[in-house]
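Letters A, B, ... mirror the listed sequences (proteins, then strands); counts begin at 1. Because the structure is predicted, anything quoted here is derived from the model rather than measured.
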Amino acid sequence: MNKSWPAGIAPFPGTPFARRLIDWQRHHGRHDLPWQTRDAYRVWLSEIMLQQTQVETVIPYYARFLERFPTLESLAAAPVEDVLARWSGLGYYARARNLHKCAQAVMTRHGGTFPADPTLLAELPGIGRSTAAAISAFSYGTRAAILDGNVKRVFARAFGIDGFPGTKAVENALWDLAEALLPERDVDIYTQAQMDLGATLCTRGKPRCGQCPLADGCVALRDGRVAELPTPRPKKAVPERHGRFAVIVANGAVLLERRPPAGIWGGLQSLPELPEDADTAEWVARRFGLTVTRVAPLPGLRHVFTHFVLHLAPERVEVAAGDGVRDADGLDWWPLDALADAALPTPVRKVLEALQRATG
DNA sequence: AAAGCGGGGGG
DNA sequence: CCCCCAGCTTT
C-alpha cells in the first residue's frame, strides 16, 4: 500500500497505468480461457502448466488432465506415475512432481482448500512469488502483484528499464514497480490484462504498438527502443552430449525404464541408456538377463535443451521371445500400441512412434 | 538456429 | 544468495 514511486521512473500521463490496462482488458482481453473461474484448483493447475509454457500449448493438456483428475482430492490420491503420464510432452517434469506434492500438501496442511494468502501459497511446492499472486488474485481477488515474463517485457518497454531482467538488481526494480502499480481494486482483471497485453500486443517480436493502451507514455516506443527491450539474456555456449539408448522390442512391446526421480526427465519412463563404450548385445544380456538375437541402429535425433544439446542414438535390440526381465523394479514391457498412456519425454516418444509406424 | 519462459535446489 | 538446472514452442 502506498508504495513510494520508484526513483527515475515517470508515471503515465493522464490515465494511470493500471486504469489503462483494466479498461483495455474489458474490450480486448481474453475472457474465454478454460481456467477463467474462481475455482482455486483449476486456477492453480493452469498457472503451473503456464509456467514456461504458452496458452495454446497448455489448453489441450489442461483438458486431458482435468478429465483424469477432476478434483484436488483425486489428484492427491493418484500415483505420481499417472500424473507424469498426463504431463508427458509438456516438459519441465519437476512441475508435475511438485504439482502432485502440492496437492497432497493442500489436503494435509489446509484441509483441501487452497489458502487465499499469497505468502502461504508460496510455501507450497511449485508455487513461487508470482504464481502465488496469480492464484490468489484470480481465485480470491487478493491484492497481490505478479511478475511473469509478459509483465517483465511490458514494464521494461513502458518504463524504459535497461538490463537483463534475470539479474537480481533489475528483478528487484521490476518487483518494486509491480507493487507500486497495483490498483486498489479489480486486481484480478488487472492481472489478466497484464498477461493478455504481453501475450497479444506487447509481444517479443513485432509488437502491435498502434493498438497499445500504453503507447502515448511508452518510453521504449518514444525512444525507438522497442526491439532492444527487454535486454536479452547474455549468450552462453551450450555443451553437446551424446546418449545411446536401447530400444528392446519383443512381442509388440518395448522395454521402458523409469528414470531417477531428479534430474533430466526425472521420474519419467525412458529407454535404457547404454554406457558409452558398451557392446550393446553383451550389455543388454547382462543387465536384463535377455537373449539378444539382433542389434540394428535406428535414426538418430538431435534434441535441444536450454543448457545443452543431446544427440540421441537409439539402437533396436531384438530379443528371444518368452525371455523374462531380471531386476524388474522400474522396468516395464510397454505395448507399442499403448504409448499414449506412457510418461515419456518428447524425443523418446518420437523414437518409439516412428518405430511403431515402421513395424505397424 | 536462437530465444523465451518461473521455480527449485545446490554450492 | 547466486548460479545452475530444466524441455518444449515460437520466431
Side-chain angles (χ1 to χ4, degrees), chain A residues 44-62 84 87-102 105 118 121-135 144-157 164-172 174-175 178 191 194-195 198-200 202-208 227-241 243 259-268 270 301-312 343-351:
Chain A
W44 162 68
L45 174 62
S46 72
E47 287 302 325
I48 303 301
M49 286 189 165
L50 288 163
Q51 290 169 357
Q52 312 296 80
T53 311
Q54 300 207 339
V55 164
E56 290 310 312
T57 306
V58 164
I59 285 174
Y61 283 90
Y62 177 81
L84 286 166
W87 201 274
S88 169
L90 255 190
Y92 282 100
Y93 300 95
R95 291 186 297 172
R97 298 193 301 272
N98 283 330
L99 186 89
H100 188 234
K101 278 189 224 157
C102 182
L121 284 169
E123 290 172 6
L124 292 162
I127 302 181
R129 180 174 173 184
S130 185
T131 301
I135 295 169
I146 63 162
L147 188 64
D148 68 3
N150 288 315
V151 179
K152 288 176 182 171
R153 187 169 54 251
V154 171
F155 284 2
R157 286 174 175 163
F164 172 54
T167 64
K168 199 64 188 165
V170 176
E171 195 185 351
N172 287 343
L174 290 169
W175 270 117
T191 302
Q194 292 182 99
M195 296 176 171
T200 64
C202 196
T203 51
R204 181 157 61 105
K206 299 185 183 168
R208 299 151 75 183
E228 61 189 70
L229 291 176
T231 306
R233 165 189 300 276
K235 293 186 200 299
K236 245 177 48 178
V238 292
E240 309 229 339
R241 299 187 201 166
R259 295 185 58 91
I264 287 181
W265 304 334
L268 266 70
S270 185
L301 220 63
R302 187 174 181 276
H303 189 73
V304 184
F305 294 85
T306 302
H307 295 275
F308 64 95
V309 176
L310 178 64
H311 298 270
L312 285 95
L344 299 170
T346 295
V348 173
R349 184 174 294 283
K350 282 184 190 164
V351 168

Fill in: N/O donor-acceptor pair under 3.5 Å between Arg157(A) side chain and Leu229(A) backbone
yes
Worksheet entry | Check: Leu344(A) main-chain N/O paired with Ser88(A) side-chain donor or acceptor under 3.5 Å | yes
By side-chain contact (heavy atoms from CB on, under 4.5 Å), which residues pair with [X], not counting sequence neighbours?
| X | value |
| --- | --- |
| Arg97(A) | Leu84(A), Tyr93(A), Ala94(A) |
| Ala144(A) | Pro118(A), Ala133(A), Ser136(A) |
| Arg233(A) | Phe164(A) |
| Gln51(A) | Ile48(A), Arg95(A), Thr131(A) |

Rounded to the nearest Å, what distance is computed from the [atom1] atom of residue [X] to the [atom2] atom of nucleotide [N]?
| X | N | atom1 | atom2 | value |
| --- | --- | --- | --- | --- |
| Ile48(A) | dG6(B) | CD1 | P | 11 Å |
| Leu268(A) | dA6(C) | CG | P | 13 Å |
| Phe308(A) | dC4(C) | CZ | P | 15 Å |
| Arg241(A) | dC5(C) | CZ | C1' | 10 Å |
| Glu228(A) | dG4(B) | CD | P | 14 Å |
| Arg153(A) | dG4(B) | CZ | C1' | 8 Å |
| Arg95(A) | dG6(B) | CZ | C1' | 9 Å |
| Leu50(A) | dG4(B) | CG | P | 19 Å |

By side chain to side chain donor-acceptor pair (under 3.5 Å), which residues pair with [X], not counting sequence neighbours?
| X | value |
| --- | --- |
| Asp148(A) | none |
| Arg129(A) | Glu179(A) |
| Glu56(A) | none |

Protein and nucleotides 8-11 of chain C: nitrogen or oxygen contacts under 3.5 angstrom:
unit_1, atom_1, unit_2, atom_2, d
dC8(C), OP1, Tyr93(A), OH, 2.8
dC8(C), OP1, Thr346(A), N, 3.0
dC8(C), OP1, Thr346(A), OG1, 3.0
dC8(C), OP2, His303(A), NE2, 2.9
dC8(C), O5', Thr346(A), OG1, 2.9

Item to complete: Stems involving DNA chain B: give each as a range paired with a range, ordered by first number, where a stem means at least three consecutive Watson-Crick or G-U wobble pairs under 3.5 Å.
Response: B:1-5 with C:7-11, B:7-11 with C:1-5
Worksheet item: Can you list the residues that meet the ring pair (Phe, Tyr, Trp, His ring centres under 6.0 Å) rule with Tyr62(A), with sequence neighbours excluded?
Response: Trp35(A)
Discussion item. Please classify the nucleic acid contact of Lys168(A) as base, sugar-phosphate, or nothing, using heavy-atom distances under 4.0 Å.
Written reply: sugar-phosphate
Could you run down the sub-3.5 Å N/O contacts of the protein with nucleotides 7-11 of chain B?
unit_1, atom_1, unit_2, atom_2, d
dG7(B), OP1, Gly128(A), N, 3.2
dG7(B), OP1, Thr131(A), N, 2.8
dG7(B), OP1, Thr131(A), OG1, 2.2
dG8(B), OP1, Gly126(A), N, 2.6
dG8(B), OP1, Ile127(A), N, 3.3

Discussion item. Once salt bridge (charged side-chain N to carboxylate O under 4.0 Å, His left out) is applied, do any residues pair with Glu228(A), and if so which ones, sequence neighbours excluded?
Written reply: Arg225(A)
Discussion item. Distance check, C1' atoms only: dT10(C) and dG7(B), in whole angstrom units.
Written reply: 22 Å
Worksheet item: When rounded to the nearest Å, what value does the distance between P atoms of dG8(B) and dT9(C) take?
Response: 23 Å
